[in-house]
Amino acid sequence: MSSLFEPVQAGDLQLANRIAMAPLTRNRAPNAIPTPLMATYYTQRASAGLLITEATAISPQAQGYADVPGLYGTEQLDGWKRVTSAVHAAGGKIVVQLWHVGRVSHTELQPDNAAPVAPSAIRAKTKTVLIKDGVPTFTETSMPRALELEELPGIVQDYRHAARNAIACGFDGVEIHGANGYLLDQFLKTGANQRTDDYGGSIKNRARLMLEVARAIVDEIGGGRTGIRLSPVTPANDIADENPQQLFDYLLAQLAPLGLAYVHVIEGATGGPRELPDRPFDYAALKTVYRKAGGQGAWMVNNAYDRALADAAVAAGADIVAFGRPFIANPDLVTRLEKNAPLNEPDRATFYGGGAAGYTDYPTLY
Ligand SMILES: C=C(C(=O)O)c1ccccc1
C-alpha cells in the first residue's frame with residue numbers, strides 16, 4: 001500500500017513524496033515582483049514533494065489583489081528565477097499557479113482603473129484585498145464588464161505566454177488555476193456565466209474557455225508539466241453551478257486526453273467544511289470518469305487534511321495530498337507528519353501582507 005512519504009511520478013515530475021504545498025496567497029510581492037524573502041519562504045518548505053506557488057497573475061488584467069505576484073514583466077520573471085534557483089538548490093520541485101481573477105478584482109487594481117472582466121456583468125458578492133496606508137484591507141469587489149467574444153483568444157494567449165515564461169524562469173511546470181470562483185471557474189458555472197454565445201449556456205460552451213486554455217498550455221509546454229486545480233462545489237467568491245456533477249464529468253472527460261501531470265481537486269468549501277449538505281458531490285465518481293476516459297494524471301486531493309485523513313486518502317487511491325495552512329506555520333511539515341509531531345498553529349493576523357513575521361519566522365522541529 002502506498003505511503004505519503006514515498007516517491008510518486010506526476011507526468012514529467014518525479015516527486016520525493018506525496019505531499020504537496022497548496023497554493024497560498026500571502027500578498028508579499030509589492031508591484032507584483034517576487035522578493036528575496038519569498039525565495040526564503042519557498043526554500044524553507046522545499047522538503048514538500050511538490051511546492052505549488054501562490055496564485056500568480058498572467059497579465060495586468062488578471063490582477064485582483066494587492067501585492068500578489070505576476071508572471072508577465074521582466075522584473076517579475078527575474079524575481080521568480082531567484083525563487084526557483086533557491087528551491088532547486090535545496091532539492092525541491094516547484095510549479096507556478098497561473099491565475100486570472102476575472103470579476104474578483106477592484107478598479108484600483110485594474111489597468112487604467114477599468115472595470116474587472118468576467119463572462120457576464122454580474123458582481124461577485126465577495127471581497128478582495130487592497131493595501132490602504134500600508135494596511136491590507138478587505139474591500140468589496142467592483143462591478144465587472146462582460147468580456148467581448150473577440151477578447152477571449154487574447155486571454156488564451158496570455159495563459160500560453162505565462163506558461164512559456166514559467167519554464168524560462170526555471171519552474172518545473174505550471175498549475176492552471178481553474179478553481180475558487182476565478183475567471184475560468186466563472187466561465188464554467190451558471191451562477192457567473194449567463195452568456196448566450198459559444199461560451200455560455202450549455203456545459204460544453206461553459207467549459208470551452210477552460211479547455212482552450214488547457215490545450216494551449218499543453219501545446220506550449222507539454223501535458224507532463226501541466227496540472228490543473230478545480231473546485232466542483234466550493235462557494236468561494238460567490239460561485240455556484242446548477243449541476244456540478246454533470247459539469248465536472250464533462251470537463252474531466254475532455255481533460256483526460258491531454259496527458260496532464262495531475263488534477264488537483266478541492267473537496268468541499270475552500271478553507272472550509274469538506275461536506276456541504278446543500279452541495280453534494282461524488283469525488284470518487286469524478287476520478288473514475290477521468291480514468292475511464294484515459295486520464296493518467298496524478299490525482300491530488302485538498303482541503304483540511306491531517307495525517308490520518310491523508311493516509312486514508314492515499315490508501316483509497318489518491319496519489320498526492322495538498323496541505324495549505326499547515327505549511328504556513330510548519331516549513332518542515334513533511335517531517336512533522338512523518339513523526340506525528342505536534343504542529344505549530346498559524347497566526348491568521350499575518351496571513352495576508354506584511355514581512356517576515358508569520359511568514360519565514362516559524363520554528364522547525366530540529
Ligand atoms: C488565490 C486564492 C484562492 O485560490 O482562493 C486566494 C486569494 C486571496 C486569499 C486567499 C486565497
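Start at 1 and go down the list; that is how both ligands and their atoms are numbered. When reading the values below, keep in mind they use all heavy atoms of this one structure, side chains included, and skip hydrogens, waters and symmetry mates. Only a predicted model underlies this, so the values are computations on that prediction, with no experimental measurement involved. One is the number of the first residue; the rest follow in order along the sequence.
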Please identify which atoms of ligand 1 are closer than 4.0 Å to at least one heavy atom of Ala55. 1 (C)
So, Asp219 side chain and Arg215 main chain: donor-acceptor pair closer than 3.5 Å or not? no
Which label fits Tyr65 and Trp99: parallel for a plane angle under 30°, tilted from 30 to 60°, or perpendicular past 60°? parallel
What about Tyr352: any of its N or O atoms under 3.5 Å from an N or O on ligand 1? no
Cationic tip of Arg274 within the cone over Tyr305's six-membered ring, i.e. under 6.0 Å and within 45° of the normal? yes
Take atom CD of Glu6 as the centre, draw a 6.0 Å sphere, and report whether it contains more than 12 heavy atoms from other residues, nucleotides or ligands. yes
Just need the protein heavy atom nearest to atom 1 (C) of ligand 1, so name the residue and atom and give the distance. Thr25 OG1, 3.3 Å
Show me which atoms of ligand 1 lie under 4.0 Å from any heavy atom of Asn180. 3 (C), 4 (O), 5 (O)
Measuring from the heavy atoms of Gln97, does anything fall under 4.0 Å of ligand 1? no
Of Thr128, Asn113, Thr107, Leu109, which meets side chain to side chain contact (heavy atoms under 4.5 Å, CB included) against Ser142? Thr107
Minimum heavy-atom separation for Ala322 and His264, please, with both atom names. CB-NE2, 3.6 Å
Hey, would you say the Phe281 and Tyr283 ring centroids sit under 6.0 Å apart? yes
Which one holds for Glu54 and ligand 1: side chain close, backbone close, both close, or neither close, with close meaning a heavy atom under 4.0 Å? neither
Please state which protein non-hydrogen atom is closest to atom 8 (C) of ligand 1 and give its distance, to 0.1 Å? Tyr65 CE2, 3.4 Å
I need the nearest protein heavy-atom contact for atom 2 (C) of ligand 1: residue, atom name and distance, please. Tyr182 OH, 3.5 Å
Trp99 heavy atom under 4.0 Å from ligand 1: yes
